[in-house]
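Quick notes on the structure that follows.
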Amino acid sequence: MRITSDIAYNNLLRDIERISERMSTTQTQISSGKKLNKPSDDPVAVSDVIRIQAEQGEIKQYQDNLATAKSRLNFADATLQGVETMIERVRNLALSSLSDLTNANLHTPEISGLRDQLLTAANSTIDGQFMFAGSNVDSPAYTQASNGTVTYNGNSDAVRVQIGRAATLQVGVPGSDIFSGTVDVFATVQNLMTAMNSGDKAGIAAEVTKLEQFSSVVSSALGKVGGLVNVAQSVDSELTQYSLGRTEQRSRLEDTDLAAALTDYTQAETALKATTAVGARISNISILDYLS
Amino acid sequence: MQALGNALNSALRALEANQLGLAVASNNISNAQTPGYTRQRAILSSIAGTSATLGIGAGVEVTGTEAIRDRLIDLRQRQEIASQAKDDMKHQGLSDIEMLFNESDGTGMLPLLTDFFNSFHALSTDPTSPNRRQEVLTNASMLAGFLNSRASSLVDVRTKIDRSLHEDVDQANALVDQIAILTKRIAEQEAVSPAHELRDQRSVLVQKLSEIVEVHELESDGNYQLTVGSNRPLVYNASTAHLTTSTNSNGFTSIGLGIDDITSEVTGGRMGARLDLRDQNIPQYLGALDQLAFELVQNVNSVHSAGYDQNGSTGNNFFAPLTGVAGAAQAIALDPGVAGDPRKIAASDVANGTGNGNALALGNLQNASVFSGGSIIEQYRGFIYALGSDTANADLGARQHQALLTQLENRRQQVSGVSIDEETVKILQFQRSFEASARVVKAVDELLQLTLSLGNN
């Protein structure tokens, strides 16, 4: 085979180009920390990363929703615990009136104040939304007419947020299930005050029974809210776990394996050194050296 | 005496032949680095003797020079040049397009898509919040803006590629003219003597032309012809036909030759790549974006119009409705009603406009299998995959052709390349032959003098 010096130089040039390209690719991978720098680097991996990235975006939103849900449910929990205390106080006052009917009317101002507090609790807002108004969150759940009658303006729809592709979480309990549900607490307290003012023992006893019924409504609502908080908590940690797995998988797909990349770079460097060293010796031996 | 005269004559011819041989070797060495140069060789042949010389040969003569070339390698090389130039250009074009859809550093369309749908979920947690509503509009218009700008970038790229065809045609025509001129000069010179150098030059020009468009060369019975497409002559001996450009009904450049439109016949070279990009790749990507935008508008509108806005109004569009798929990505925009008033986002699924059910339904569209590629994310994935693998394949193709080309170039060098060592050895041979012949002349001269001196005594 005839080998001309051009062949040797052409091959040398091509080899140097190839090795330099490999070095430059590896260098980009090392400096950017990513082995996927454009779709054509690995179309399959890139499209997998897109799916994971979309999922991660979704999960982040679900976790944001869960955070909102938790803060609202915790707030509802605190509010309802307050309500429980107030009702307990009203009930104690009512019970003491039963044993001391003549002084019963002395307790009514305090009960009236507690009723106002109950109304405030039922109209509490979080993030500017009325929490116990069902889905009718932008107007007060309960309004009081001048004659003292309290009416519900909300609806019976519970607000739900998305916490998974096919999962929603209820983030509140409509007032119609608590304050004006089986027992209308405002009417009950109103009636209790009337009975206490008039010393109506049977009336007081009847309202106390209703108050006890209301207490159990509140505690079951508390149980429900607590359950929802637990769900939120466990879904959140599941999502965190899942998200970690996805992050790991994404990193495997797109992050540079530094050890491998550095080894590759060193190999390329060695190859380049060897190639240039050999290149420098091309035509080192020529017949011209032996003619003088 | 006659024998001495013959010896002198043949020595003289040998001196001439060796000088010519030296000249050829020297020419080879001079052109060792000239691109396309084919090494030459002096053809030596012996001169037969006559009955008068008792059949003793009359020495050597140079009957001509020959260029050592393998036509097959030349032809294969041209084809590879055309394929390599095509894939290279295609890879360049696709790389440019690929950069428009780079998802690697958290830019690109995917974050905009997820942000858009997530903002509906965020709105569902607080459906009356003006900020959340504004966020939905902002994210929607960013997504629409991205689709608009990428679609018009694709259209721009296509237009630029289309314009470049004019430059290609101009360059090709200039080369065609030069090739025809060289062909004429070759014919003229070859009537007298070999035209190796001119042929080498023509070969280089045909290679350059092959980078622009695939051409076929045919030389038979002293006629030279260069064709393009399905045997359409560009050069026939000294006459030429020029490529022409015209604008077709779509506003794109058509390639013509004579009265025929040969656009569909043009393959290989930069022109082949540009036509592929213009007529296949870019329309495919634009079509995918249009389809995505169109389905996005349709699906979001169909869910949105089923819900109620904060004013209790229903049946309204979120995106401005589109008439068709074509041009959807460039046209996608918010409906003017919603764009001017965030209250008009239909987040509610109940008539009084207080619920968040429709916001949930809109957010859930992200994973709904209502798009032709599955979900919208899957559809977008498919698009990125197609773009990535097209680019990777073009790159691979260009590399493979480059490797083949290197091999062919080495093969050509093996046959036609100049080896300095080889030429040096030849020079030595001719030098020694020359010296030997000179010695013969000297010997004959001595003999003649001796003979002449015999007469003097």
Side-chain angles (χ1 to χ4, degrees), chain A residues 1-7 10-11 14 18 32 34 36-44 46-51 53-58 60-62 64-65 68-69 72 127-129 133-139 154-155 157 159-162 165-166 168 171 254 283 285-288 291, chain B residues 32-33 94-95 98-99 101-106 110-111 113-115 117-118 121-122 124-129 348 350 352 354-357 360 363-364 366-367 377-378 380-382 384-392 395 402 406 409-410 413-415 417-422 424-425 428:
Chain A
M1 194 168 80
R2 289 181 78 242
I3 297 291
T4 69
S5 54
D6 259 21
I7 296 182
N10 279 346
N11 288 346
R14 197 85 53 218
R18 221 183 41 227
S32 73
K34 300 222 177 297
L36 303 179
N37 288 297
K38 51 189 191 301
S40 59
D41 284 341
D42 185 347
V44 177
V46 169
S47 74
D48 283 349
V49 167
I50 286 181
R51 179 185 278 162
Q53 213 180 325
E55 266 184 46
Q56 287 178 321
E58 243 177 86
K60 199 190 157 291
Q61 185 59 46
Y62 295 149
D64 284 355
N65 291 353
T68 311
R72 293 203 190 156
D127 305 335
Q129 303 186 29
S135 70
N136 199 11
V137 292
D138 51 351
S139 45
N155 54 32
D157 299 332
V159 174
R160 308 187 76 91
V161 297
Q162 202 77 25
R165 281 197 183 173
T168 55
V171 292
E254 70 175 359
S283 297
I285 309 164
S286 163
I287 190 163
L288 293 169
L291 303 170
Chain B
Q33 303 302 325
L94 289 172
S95 300
E98 193 182 25
M99 285 304 137
F101 298 95
N102 201 347
E103 292 288 342
S104 69
D105 45 357
L110 187 78
L113 265 179
T114 48
D115 284 355
F117 288 109
N118 281 345
H121 279 311
S124 79
T125 65
D126 201 351
T128 56
S129 152
S348 170
V350 290
N352 64 5
T354 56
N356 69 351
L360 288 178
N364 285 340
Q366 178 175 350
N367 294 307
I377 301 290
E378 292 300 307
Y380 184 61
R381 270 184 77 208
I384 293 295
Y385 176 78
L387 178 57
S389 64
D390 284 354
T391 313
D395 186 28
Q402 183 61 56
T406 309
E409 175 59 25
N410 285 350
Q413 281 286 333
Q414 279 173 25
V415 177
V418 176
S419 160
I420 304 279
D421 286 348
E422 185 182 323
T424 312
V425 170
L428 276 178

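From a predicted model like this one, the values you see are computed outputs, not experimental measurements. Chain A is the first sequence line, chain B the second, and so forth, proteins listed ahead of strands; every chain is numbered from 1. In what follows, every heavy atom counts, from backbone to side chain, and hydrogens, waters and symmetry copies are set aside.
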Atom [atom1] in [X], atom [atom2] in [Y]: separation rounded to 0.5 Å?
X        : Y        : atom1 : atom2 : value
A:Ile50  : B:Ile384 : CD1   : CD1   : 5.0 Å
B:Thr125 : A:Gln61  : OG1   : CD    : 7.5 Å
A:Gln129 : B:Ser129 : CD    : OG    : 8.5 Å
A:Asp41  : B:Asp395 : CG    : CG    : 9.5 Å
A:Ser40  : B:Leu387 : OG    : CG    : 8.0 Å
A:Ser47  : B:Glu378 : OG    : CD    : 8.5 Å

Among A:Gly128, A:Ser135, A:Ser139, which residue has the highest count of heavy-atom pairs closer than 4.5 Å to chain B?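 With the most close heavy-atom pairs to chain B, the winner is A:Ser135.
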Under a 4.5 Å heavy-atom cutoff, which of A:Thr68, A:Asn155, A:Asn37, A:Ile3 has the most pairs with chain B?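 Among A:Thr68, A:Asn155, A:Asn37, A:Ile3, the one with the most close pairs to chain B is A:Asn37.
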[X] versus chain A, the contacting section by heavy-atom distance below 4.5 Å:
X        : value
B:Leu428 : side chain
B:Asp126 : both
B:Ala386 : neither
B:Gln413 : both
B:Phe101 : backbone

So which atom in [X] and which in [Y] form the shortest heavy-atom distance, rounded to 0.1 Å?
X        : Y        : value
B:Thr128 : A:Val137 : CG2-CG2, 4.0 Å
A:Gly57  : B:Asn118 : O-ND2, 2.9 Å
A:Pro43  : B:Ala392 : CG-CB, 4.5 Å
A:Thr4   : B:Val418 : CB-O, 3.6 Å
B:Asn102 : A:Lys38  : OD1-CA, 4.0 Å

Under 4.5 Å from any heavy atom of chain B - which part of [X]:
X        : answer
A:Asn10  : side chain
A:Asp48  : both
A:Asp157 : side chain
A:Val171 : neither
A:Arg51  : both
A:Gln53  : both
A:Val49  : neither
A:Arg72  : side chain

Please tell me if the side chains of [X] and [Y] come closer than 4.5 Å, counting only heavy atoms from C-beta onward.
X        : Y        : result
B:Asn410 : A:Asn11  : yes
B:Ser419 : A:Arg2   : yes
B:Tyr385 : A:Val44  : yes
A:Glu58  : B:His121 : no

Considering only heavy atoms and a distance below 4.5 Å, find which of [options] pairs most often with chain A.
options                                : answer
B:Ser124, B:Ser95, B:Ala122            : B:Ala122
B:Thr391, B:Thr424, B:Asp115, B:Thr406 : B:Thr406
B:Asn356, B:Asp421, B:Thr114           : B:Asp421
B:Ile377, B:Ile420, B:Val415, B:Asn364 : B:Asn364

